Amino acid sequence: MTREPAPVELPVALTIAGSDSGGGAGVQADLKTMEAHGVFGTSVLTSVTAQNTRGVERAFTLPVDEIEAQCSAVLSDFDVQAVKTGMLAEAPVVRSVAEQVESLDAPVVVDPVMVAASGDRLLDSEGEEAYESLLDRAALVTPNADEAEVLTGVLPEDDDSAREAADALLDLGADAALVKGGHIPGATVRDVLVTDEEIEIFEHDRVETDATHGSGCTLASAIAARLAHGDDIRDAVAAATGFMERAVRYSLDVGEGPGSVHHLAALRERADRHPTAEAVEGVVRSFVERNVSTLVPEVGMNVVGATRYAERVGETAAVEGRITRTMSGVNPNRGVRFGASSHVARFLLAAREFDPDLRFAVNCRFDDDVEGALSALNGEISEFDRGAEPEGVKAQEGSTMQWGARKAFESTGETPVAIIDRGEVGKEAIVKLLAEDAETLQRRTFAVLSALGGQHEG
């Protein structure tokens, strides 16, 4: 039997950039990122590099005629709704690309690739001077601190100098400038977006890693993809910086060098939701079957599972309404859904800052009997005392969980299997069991249950 076709219509974006044989940057990174955003990516190669995670070994710039032929082929056939430019290598290429996009009715995101993360130069001095012709066509230009200094003479070292550099880029013709803060020292990364109408700073915690190969390409491509979907500049930048934070934290351990950003981390997070929810449901069913009522706190019990790439509460699955005691045992109030837990989910996410392999947690009743039963666990037991929590921490939502997790992990020097929250006046003491997988969480819970004199496994 024949089947009816079901074609899918996607926005189309174009990357004009160099090839990275290592796969982490350049056109390869651009196309992966566009695909992750639900955009059909087309490409024009400007140069071919021999590079890997350690650095660039050779580079060859394609003849301008060949670059223009690729542009003509793509633009004459596809309805391109956003363009991203990357490594252009030489002045004639920069000027040619500026001409190719001049009459195009689509936003152009210019990533002024000049130096690789390894320190290798990717643009000659004449090419730097030629960039003004391309900036005049840019809906957005996305330089790092070094590139901003080359283009404007201003080295961004803080918010004020970043704004000054961005203003200079607008004076050169760009509609907007995003001066990236990754190269500026500090505990947080502050990306400064400047348009004619507004200035906005996108701040996020710095990830302590050298595996940032391809980060600039990936960010610019993510912005271009969002613009192809119809986002305005501000929303596109906000979505792309959030996308990049995850891509850097869950970097890919490939090659002998620092590694690459994970272009598909956000896509993998969404793909992992169904199996994570199923795993939580399986643990909950086993708790009902075994009757874990002696471990259920007064506030109720919850089982939380985080996707492998979870960064926020909405990316954790839990029982809506928690698990509570009944006349005959325990029962979940409602089903499992994402974002259903607040307290336990925030604690699990805080613990993942110290051990990202942790994915599951359950909160249990705590008293002297439970404390004794915890000795049945094979691993470190840690704790924190909310009575010692600084006042400044209490005032910030979610900070108690972060503070408590830090105290617990620092006191053991390794990942604990259980963390005791001794509570405070008016707050019930709780112990949270942690695990890398659902089966281990279930086994640890049953070990404590058995040590308390609960039902034994059949």
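Side chains included, hydrogens not; waters and symmetry mates left out as well; all remaining heavy atoms used. FYI, the numbering just counts along the sequence from 1. Quick caveat: nothing in here was measured; it's all calculated off a predicted structure.
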Before you tell me yes or no, could you show the steps for Asp191 and Lys180 under salt bridge (charged side-chain N to carboxylate O under 4.0 Å, His left out), namely the whole-Å CA-CA distance, both residues' side-chain angles and the distance that decides it to 0.1 Å? CA-CA 5 Å; Asp191 300 322; Lys180 298 175 292 190; over 6 Å; no
Sub-4.5 Å side-chain heavy-atom contact between [X] and [Y]:
X      : Y      : value
Pro258 : Thr212 : no
Ser411 : Lys407 : no
Ile67  : Val93  : yes
Arg273 : Phe338 : yes
Glu57  : Asn52  : yes
Val12  : Val39  : no
Val74  : Val80  : yes
Leu140 : Thr142 : yes

Please identify each residue that fulfils side-chain hydrogen bond (donor to acceptor under 3.5 Å, both in side chains) with His343, with sequence neighbours left out. Lys432
For Thr85, all residues meeting side-chain hydrogen bond (donor to acceptor under 3.5 Å, both in side chains), sequence neighbours excluded: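 So Thr85 forms no side-chain hydrogen bond (donor to acceptor under 3.5 Å, both in side chains) with any residue.
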Write down the atom of [X], the atom of [Y], and the distance for their closest heavy-atom approach.
X      : Y      : answer
Arg137 : Val101 : NE-O, 2.7 Å
Ala36  : Leu267 : O-CD1, 4.1 Å
Val280 : Gly305 : CG2-N, 3.5 Å
Ala176 : Thr195 : CB-CG2, 3.6 Å
Pro143 : Ala148 : CB-N, 3.7 Å

Should we count [atom1] of [X] as having more than 12 external heavy atoms under 6.0 Å?
X      : atom1 : value
Arg406 : CZ    : no
Arg268 : CZ    : no
Glu198 : CD    : yes
Asp210 : CG    : no
Asp357 : CG    : yes

Taking [Y]'s backbone N and O only, do any of them form a donor-acceptor pair with [X]'s side chain (distance below 3.5 Å, no angle check)?
X      : Y      : value
Thr42  : Ala13  : yes
Glu147 : Asn144 : yes
Ser21  : Gln51  : yes
Thr46  : Ala17  : yes
His213 : Arg54  : no
Thr412 : Pro416 : no
Asp272 : Arg308 : yes
Ser96  : Pro92  : no
Tyr250 : Glu245 : no
Thr53  : Gly257 : yes

Evaluate the ring planes of Tyr309 and His262, with Trp represented by its six-membered ring, and classify them as parallel (under 30°), tilted (30 to 60°) or perpendicular (over 60°).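 Rings of Tyr309 and His262: perpendicular, over 60°.
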Should the ring pair Phe347 and Phe384 be called parallel, tilted or perpendicular, given that the plane angle runs from 0 to 90° and is split at 30 and 60?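 Because their plane-to-plane angle is under 30°, the rings of Phe347 and Phe384 count as parallel.
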side-chain contact (heavy atoms from CB on, under 4.5 Å) partner of Leu178, chosen from Val192, Leu219, Ile233: Leu219
side-chain contact (heavy atoms from CB on, under 4.5 Å) with Thr218: of Val248, Thr33, Ile223, Asp30, only one passes, and it is Thr33
Enter the distance from Glu68:CD to Gln70:CD here, rounded to the nearest 0.5 Å.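 Answer for the CD-CD pair, Glu68 versus Gln70, is 10.5 Å.
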Would you call [X] and [Y] a salt bridge, using N to O less than 4.0 angstrom?
X      : Y      : result
Arg226 : Asp235 : no
Glu353 : Arg249 : yes
Arg163 : Asp158 : no

Before giving the answer on side chain to side chain contact (heavy atoms under 4.5 Å, CB included), spell out for Cys364 and Ile430 the whole-Å C-alpha distance, their side-chain angles and the decisive distance to 0.1 Å. CA-CA 6 Å; Cys364 300; Ile430 295 289; over 6 Å; no
Set of ring pair (Phe, Tyr, Trp, His ring centres under 6.0 Å) partners for Phe202, sequence neighbours left out: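 Ring pair (Phe, Tyr, Trp, His ring centres under 6.0 Å) list for Phe202, sorted by chain: empty.
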Taking atom types as modelled, find out whether [X] and [Y] have a side-chain donor-acceptor pair closer than 3.5 angstrom.
X      : Y      : answer
Glu315 : Thr307 : no
Thr61  : Ser47  : no
Thr276 : Arg359 : yes
Gln28  : Ser19  : yes
Thr415 : Asp355 : yes

Side chain to side chain contact (heavy atoms under 4.5 Å, CB included) between Val150 and Tyr131: does it pass, once the steps are laid out? CA-CA 10 Å; Val150 170; Tyr131 251 92; over 6 Å; no
Verdict with reasoning, Arg246 to Glu311, per salt bridge (charged side-chain N to carboxylate O under 4.0 Å, His left out): CA-CA 8 Å; Arg246 196 193 308 266; Glu311 290 285 279; 5.6 Å; no
Using side chain to side chain contact (heavy atoms under 4.5 Å, CB included), reason through Leu75 and Leu14 one step at a time and then give a plain yes or no. CA-CA 9 Å; Leu75 296 177; Leu14 167 64; 4.0 Å; yes
Side chain to side chain contact (heavy atoms under 4.5 Å, CB included) between Leu169 and Thr152, intermediate numbers included: CA-CA 7 Å; Leu169 290 166; Thr152 68; 3.7 Å; yes
